[in-house]
Amino acid sequence: MSPTVKRLGPYRFYFYSNENLEPPHIHVQEGRKLAKFWLESCELSHSVNFSAHELNKIQALVKQYNGFFMEAWHEFLKQ
């Protein structure tokens, strides 16, 4: 299960329900482009097909909505 946490422009932010053993993080998708960001540091874990420019834009969104994403992570995965 991978619930969508938020949609911002073309980006879908989500996490997988079976990843609660990893530190808090968020996955991002736009079509076939994928990325994963750690929420504690807002740093990129890895990406596929996103350009550096897009990753900078996404990282800024992860920072802007970090509190929201962290709350969603704890609410859904740490029940």
Side-chain angles (χ1 to χ4, degrees):
M1 187 161 136
S2 58
T4 298
V5 177
K6 193 162 200 60
R7 289 189 183 273
L8 295 167
Y11 308 117
R12 173 182 171 238
F13 292 83
Y14 63 98
F15 46 74
Y16 293 103
S17 59
N18 64 346
E19 294 186 317
N20 58 340
L21 297 178
E22 288 191 45
H25 61 276
I26 193 83
H27 295 270
V28 187
Q29 178 182 15
E30 179 192 6
R32 293 184 167 194
K33 302 174 190 177
L34 302 169
K36 176 178 172 181
F37 284 84
W38 301 114
L39 291 176
E40 298 278 331
S41 63
C42 298
E43 294 297 320
L44 177 67
S45 169
H46 64 272
S47 70
V48 177
N49 297 327
F50 276 114
S51 70
H53 173 75
E54 290 173 303
L55 290 169
N56 287 335
K57 188 188 318 188
I58 295 166
Q59 185 177 33
L61 291 171
V62 170
K63 287 178 182 179
Q64 181 179 351
Y65 290 93
N66 187 270
F68 176 83
F69 294 145
M70 285 291 272
E71 185 177 317
W73 172 273
H74 290 294
E75 186 175 306
F76 189 79
L77 294 174
K78 303 291 185 177
Q79 295 178 3

Group every Ile, Leu, Val, Met, Phe, Trp and Tyr by side-chain heavy-atom contacts under 4.5 Å, then state whether W38 and F69 land in the same group.
no
Is there a side-chain contact between L34 and N49 (heavy atoms, below 4.5 Å)?
no
With the side chain counted from C-beta on, respond yes when E40 and M70 share a heavy-atom pair under 4.5 Å apart, and no when they do not.
yes
Quick one: pull up OG in S51 and NZ in K33 and give me the separation to the nearest 0.5 Å.
6.5 Å
Could you pull out the closest heavy-atom pair between F50 and Q29, with the gap in Å?
CZ-C, 4.5 Å
Could you pull out the closest heavy-atom pair between C42 and F37, with the gap in Å?
O-CD2, 3.8 Å
Does the side chain of K36 come within less than 4.5 Å of E22's, by heavy atoms?
yes
Is there a side-chain contact between R12 and S2, using heavy atoms and a 4.5 Å cut-off?
yes
Ring centres under 6.0 Å, that's the criterion: do H27 and F15 meet it?
no
Backbone N or O of P23 within a donor-acceptor pair of the H25 side chain at under 3.5 Å?
yes
Linked, directly or transitively: L44 and V5 (ILVMFWY side chains, under 4.5 Å)
yes
Using a cut-off of 6.0 Å, state whether more than 12 heavy atoms not belonging to K6 lie near its atom NZ.
yes
With a 4.5 Å heavy-atom cut-off, do K63 and N66 have their side chains touching?
no
Check the pair I26, Y14 against side-chain contact (heavy atoms from CB on, under 4.5 Å), reporting the backbone distance first and the verdict last.
CA-CA 6 Å; I26 193 83; Y14 63 98; 5.7 Å; no
Within a 6.0 Å radius of atom NE2 on H53, are there more than 12 heavy atoms belonging to other residues, nucleotides or ligands?
no
For the residue pair V62 and F13, what are the closest heavy atoms and their distance?
CG2-CE2, 4.0 Å
